[in-house]
Structures are given as C-alpha cells and as structure tokens.
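For reference, the structure discussed in these notes is given below.
In this text the structure is predicted, and so the values were computed from the model without any measurement. Any value given below was found using the heavy atoms of this structure, including those in side chains, with hydrogens, waters and symmetry copies removed.
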Amino acid sequence: MTPKSSALIAIIAVLVSPPKVLADPVFEPRPIAEHIYNGGWEHFVGGGIAAFDCNDDGLPELYAAGGGNPAQLFLNTSQTAGDLTFDATTPDALALTGVIGAYPVDIDSDGLLDLAVLRVGENKLLRGTGDCAFTHFETLNVDGDDSWSTAFSATWEAGERLPTLAIGNYVDRNDPDGPFEACDSNVLLRPAGDAYAPAIELEPGFCALSMLFSDWGRHGRADLRVSNDRHYYVRGGEEQMWAMDATPRLYGANDGWNSHQLWGMGIASRDLDGDGLSEVYLTSMGDQRLQRLEAGNETPTFMDAPFDAGATAHRPYTGGDGRPSTGWHAVFGDVQNDGFADLFVAKGNVEQMPDSAMDDPNNLLLGTADSTFQEAGLEAGIATMHRSRGAVLMDLNADGLQDLAVVNRRAPLELYQNVTPNAGNWLQIDLLQPDINRFAVGAFVEVRSDDRLWTQEVTIGGGHAGGTAGALHFGLDDLETVEVRVIWPDGSQSGWQTHPVNQRIAMERH
C-alpha cells in the first residue's frame, strides 16, 4: 500500500460518518424476448448494449448487439415504479448483423439521440429522428471502411459544432501474418465545419477494446484513454492516453505516464474519494485494476490501488472454478443508494481459454465508507455463469433504483430489476444546454451535503462496446436535501442550488 493510499483511506474513514444500516441489494430476473450474441472469432469480443430514451417518454430503451444475429431494439414499456417490461421492436435501420456494440450520442445537437454502431465491417452513424426511428447521416463524410471496430468515445472540443469521435479497431483481419501482433490503427475524426475532416490515424494501435475521453485532471480538456488487449499485441504495447493537442500525441514517461500492460477490455471512471478527480477501473484477464492519480491533477500518473481495496475481482467468488477470471464491461453505480459508489463487472471466458475460469460469475462490488469494496453478487442474485460481455446499470423504470441488463455470448440476454428494500434516498440529474452539445458532454456535476461531495463527469465511451445516455444518478443515504451545481463544458459554473431528494431534476443552461 502506498503512503498516499494509506492516508486516503484514513482520511475518508475519519471524515465520513457511517451511513444508516441499509438492506443488502436484491435483484430479481425479469422476462425479456430472447436475444443472443453469437458468431465466429470476430465476436469473441464485443456484445455491447446501449441504453437511451429514443421516444421521449422518460424511460430508456435497450439496443443490444447480436454479432452473427441481428441487433435488437427493446422498447421500454414499463410502468413508473412497476415491473420492468420491454418489447422487441427493431426498426430496419437498427436490425444490423455484425454489430459489436453501440453508443448513444447527439451528434447533430438537435436534442434527439443518435447511435454510433460498431461493427465487423462498415460502422454506422445513425441519426435519431424521433419515436425510435433512425436514418443514415448523409453529409458528415464518415463512410467507414472494413475494419473490425471494438471501441468508441466522443467529446466536444472547444469551438466545434460536431463532436470529436474516436474509434478503436482490433486485429487487422487483412494482415496475412496475423492475428498476433497484427493490431489495426485507431482513428480520430475531428470536425471540419459541418462535416468531418479525413480520419487521423492514432498509431501505434494495440488492439483497443475500450476508449474514454475524460478530463482526468480537471484542466478543461478531455484526453483519450485507450485500453488494449495484450493477447494480440503480445509485446511492445501498453495502455495509452492521447493528449488532445492540435496534433494528438501520446503521453509518455516524461509526462508522468506509467506503463501498464494488461489484457485490457473495459474502462469505468468515478470519483470515489470526494476529491473531485475520477479514479479509473480497468477490466482484464486475470485481474482488474483500480487506479488512482498519485500526484493530484498535475500529471497523468495513475497507480494501481492496493490489493486490500478489494477491487481486483481476480477469481470467481462462487461456482468452484478457481482459475483466473475474465472481466469485460465495468460500470459504477449506487445500487443501495447509500452514498458509496458500487461497481458491476461482467465476466466470462473468451470462448474456451483453458487457463481461465469457465464458471465465472459477474461481480457486484459494494463500495464502503473506507474506500474498499465487498463482493455481493451471489447474495444480490446476479451471479450468472454465462459468458457475459456488455451491460447496463441504470434506473429503467423511474423508481430511483438502478436496474441491470447483461448481454451474454451464446446465451440469452438477462434483465434484472433492482428490488432492494429499505434503500437510501437518491437524486437524478439531467443536463441541457442550448444549440451545441445539448446534453453537456464534458460537464461535471457536483452534489454536496455538510460533509460530503459527490462528483460525476458526463462522458461518452468506456465500458465494453456499449454505453448509456440519461440522467446522472446519485445515491444519498438518509439526506433529505442537497446542494447541486454544474461546471459546464466550457468551464463556466452554475450557482449552488438546493434540491429535495428522491426526484429527477433538469438543470438547464440559459
């Protein structure tokens, strides 16, 4: 344990008063139309799922990759605070095969969410036209090639009407010497007015499986973190972060960047210790990495949290298979609303990797007051033994509890309703600003009480092959009111506003 880590845990333990005793989280399975992610070796990875409201009824739909099967859109027909129900109703524009995953993003800033669909083959940028209908963007100059795309992120750079898009590509399937040490280049699409300039190749590429634009140091600019799969880059590669200068460049040792090599598959980020800076969670084969900035916000110097933090989730906790785990999608949430960030990790063997666990249950790691995590997957009812891939942890029926959907390889999609009794209070916050970047990607939302500060950044990307768009969720234990402010993407700040809990509010920039 580093001196900083020891001091951090001690400070949190002293300053944070223990929450009231809440019941353990409980999830119950709910029926949903059969959907299976399958296909050949190109679909050993992927299997993402996106959650976003495409018919403006306040409830998010689900769009699940199918690989060799068609992708499907599930319309949310749940009653508020009722049982979760979804109808499989997929428009032709979304019924695509070869889909790895998808991310919602309002590309044209019209207030309607669009979809970036990653595929084995040509990717699709699909324009939302309302009522869950989609069409192709005709004028953006983004026609794709035949790459195998497995990662995505987006942000708005200063002065631009369109978002900057990053696309991560996996193995170059046309390399006759592949697949090992045959990683394809990643690409960056920067705007040129109302369309996109020719793609910028981000080289070297090391078989990206997750990307995330994030303002890691609160400096006013999002840089691009890339998590790479050592299984195919084999040697010479590492985790990456690109500084979004006029000409993008990789951070290196001279910048304070530490070299980390892993079988990288997913990224999640959240401020866990109340300092306003996000910790980063990386999934992998063998163990998962929780990383913290070691030098405040001065340099991108990320170091692994100590093993005692309980975040490695390196072997199955039930089922009897003692081989190392394989992590995919990771996402932070607060499933009990106790005010401490929890972490869901989707697990599953790549296919038949003999050195990795076959019975590899998904994790539900509960955050605690001393900044450590405790496993609760089995007791919560989410310890599936399928080969899980992508996931959504989000309030799907507007009852203030975060529900769960999980895509599995060669097994049906699973839907779980959070029915935790005696959960804490909560607040959900939507952001809206006029004209450009309507949903304020790149903003930070701060929520405070007398002795706590919660911070969340609005991002697009991360996870494994899928993401969400919608209200930010804050669990607040037994607080009855909190103060909220927004640091908008251009750095301007709203004033602190007091809000009662247990509601969804919209904070609009005028």
Side-chain angles (χ1 to χ4, degrees), residues 29-39 42-55 59-78 84-105 113-121 123-124 126 128 132-134 149-152 209-210 265-266 328-331 344 346-348 362 382 384 386-394 396-397 402-417 460-470:
R30 294 289 183 259
I32 191 168
E34 183 172 277
H35 178 79
I36 296 175
Y37 181 78
N38 72 2
E42 295 97 337
H43 298 293
F44 287 0
V45 300
I49 182 169
F52 63 111
D53 181 5
C54 61
N55 57 10
L59 298 175
E61 276 65 53
L62 301 174
Y63 180 60
N69 288 328
Q72 288 197 73
L73 180 71
F74 295 88
L75 295 180
N76 194 333
T77 56
S78 309
L84 295 181
T85 59
F86 286 84
D87 288 341
T89 307
T90 308
D92 290 344
L94 297 184
L96 302 167
T97 57
V99 173
I100 291 284
Y103 290 83
V105 51
L113 286 165
D114 313 308
L115 273 178
V117 182
L118 306 179
R119 301 175 69 227
V120 180
N123 298 325
K124 301 289 185 182
L126 299 177
C132 295
F134 293 85
S149 297
T150 47
F152 177 85
L209 284 176
S210 192
M265 295 178 179
W328 298 91
H329 190 87
V331 57
F344 174 82
K347 293 282 192 68
N362 297 332
I382 56 88
T384 178
H386 298 310
R387 296 178 182 85
S388 296
R389 293 295 190 263
V392 161
L393 183 65
M394 192 176 190
L396 299 177
N397 63 344
Q402 293 183 296
D403 309 297
L404 180 66
V406 184
V407 173
N408 298 306
R409 175 165 167 79
R410 295 201 286 112
L413 170 73
E414 294 172 300
L415 178 66
Y416 296 93
Q417 184 168 344
I460 298 172
H464 181 71
T468 63

Original post:
Between Cys132 and Pro91, which heavy-atom pair has the shortest distance, and what is it?
Top reply: O-CG, 3.6 Å
Original post:
Which heavy atom in Leu415 sits nearest to a heavy atom in Ala405, and how many Å separate them?
Top reply: CD1-CB, 4.3 Å
**OP:** Determine, step by step, whether Glu414 and Tyr416 satisfy the side-chain hydrogen bond (donor to acceptor under 3.5 Å, both in side chains) criterion, reporting the C-alpha distance in whole Å, the side-chain angles of both residues, the deciding distance to 0.1 Å, and the verdict.
**Re:** CA-CA 7 Å; Glu414 294 172 300; Tyr416 296 93; 3.1 Å; yes
**OP:** Say whether, by atom type as modelled, one donor and one acceptor occur between the side chain of Asp92 and the main chain of Leu94 under 3.5 angstrom.
**Re:** no
**OP:** Check whether any side-chain heavy atom of Pro60 lies under 4.5 Å from a side-chain heavy atom of Leu396, and answer yes or no.
**Re:** yes
**OP:** Determine whether Ile460 and Phe152 make a side-chain contact, defined as any pair of heavy atoms from C-beta on separated by less than 4.5 Å.
**Re:** yes
Original post:
From Asn123 CG over to Ser149 OG, what is the distance, rounded to the nearest 0.5 angstrom?
Top reply: 3.5 Å
Subject >> Side chain Arg389, main chain Ile49, donor-acceptor under 3.5 Å >> reply: no
Original post:
Where is the tightest heavy-atom contact between Ala33 and Ala88, given as atom of each residue plus distance?
Top reply: CB-CB, 3.9 Å
Original post:
Is the backbone of Leu84 close enough, under 3.5 Å, to the side chain of Gln417 for a donor and an acceptor to pair up by distance?
Top reply: yes
Subject >> Approximate separation, where rounding is to 0.5 Å, of Thr90 OG1 and Glu61 CD >> reply: 11.5 Å
**OP:** Would you check if Cys54 and Phe134 make a side-chain contact, meaning some heavy-atom pair closer than 4.5 Å?
**Re:** yes
**OP:** Please round to the nearest 0.5 Å and tell me the distance separating atom CG of Leu96 and atom CD of Gln72.
**Re:** 12.0 Å
Subject >> Shortest non-hydrogen contact from Pro104 toward Ala51 >> reply: CG-O, 4.0 Å
**OP:** Determine whether Ile100 and Val120 make a side-chain contact, defined as any pair of heavy atoms from C-beta on separated by less than 4.5 Å.
**Re:** yes
Subject >> Check: Ala411 main-chain N/O paired with His386 side-chain donor or acceptor under 3.5 Å >> reply: no
**OP:** For residues Leu404 and Phe344, determine if any side-chain heavy atom of one lies less than 4.5 Å from a side-chain heavy atom of the other.
**Re:** yes
Subject >> Atom pair NE2/CZ of His35 and Phe86 - distance to nearest 0.5 Å >> reply: 13.5 Å
Original post:
When rounded to the nearest 0.5 angstrom, what distance separates CG in Asn76 from OG1 in Thr85?
Top reply: 6.5 Å
Original post:
Going by heavy atoms in the side chains, are Phe52 and Leu62 under 4.5 Å from each other?
Top reply: no
**OP:** Would you check, one step at a time, whether the test side chain to side chain contact (heavy atoms under 4.5 Å, CB included) holds for Val105 with Leu113?
**Re:** CA-CA 6 Å; Val105 51; Leu113 286 165; 5.9 Å; no
Subject >> Arg387 side-chain N/O to Arg410 backbone N/O, donor-acceptor pair under 3.5 Å >> reply: no
Original post:
Do Tyr103 side-chain atoms and Leu118 backbone N/O form a donor-acceptor pair below 3.5 Å?
Top reply: no
Original post:
What is the minimum heavy-atom distance between Gly48 and Val407, and which atoms define it?
Top reply: O-CG2, 4.1 Å
Original post:
Do any N or O atoms from the side chain of Arg409 and from the backbone of His43 form a donor-acceptor pair under 3.5 angstrom?
Top reply: yes
**OP:** Return the minimal non-hydrogen interatomic distance between Ala50 and Ala102, and the atom names on each side.
**Re:** CB-O, 3.5 Å
Subject >> Side chain proximity check, Leu209 to His464, heavy atoms < 4.5 angstrom >> reply: yes
**OP:** Using distance alone, with no hydrogens and no angle criterion, decide if Thr89 and Asp87 have a side-chain donor and acceptor under 3.5 Å apart.
**Re:** no
**OP:** To the nearest 0.5 angstrom, please state how far the CG atom of Leu115 sits from the CG atom of Leu73.
**Re:** 8.5 Å
**OP:** Evaluate the side-chain proximity of Asp114 to Leu126: yes if any heavy-atom separation is below 4.5 Å, no if none is.
**Re:** no
Original post:
Are a donor atom and an acceptor atom from the side chains of Asn362 and Ser388 found within less than 3.5 Å of each other?
Top reply: yes
Subject >> Any donor-acceptor pair under 3.5 Å from Trp328 side chain to Gly390 backbone >> reply: no
**OP:** Any chance you could lay out the side chain to side chain contact (heavy atoms under 4.5 Å, CB included) test for Leu59 and Asp53, step after step, and finish with the verdict?
**Re:** CA-CA 6 Å; Leu59 298 175; Asp53 181 5; 5.9 Å; no
Subject >> Whether Tyr37 side chain and Ala65 backbone form a donor-acceptor pair below 3.5 Å >> reply: no
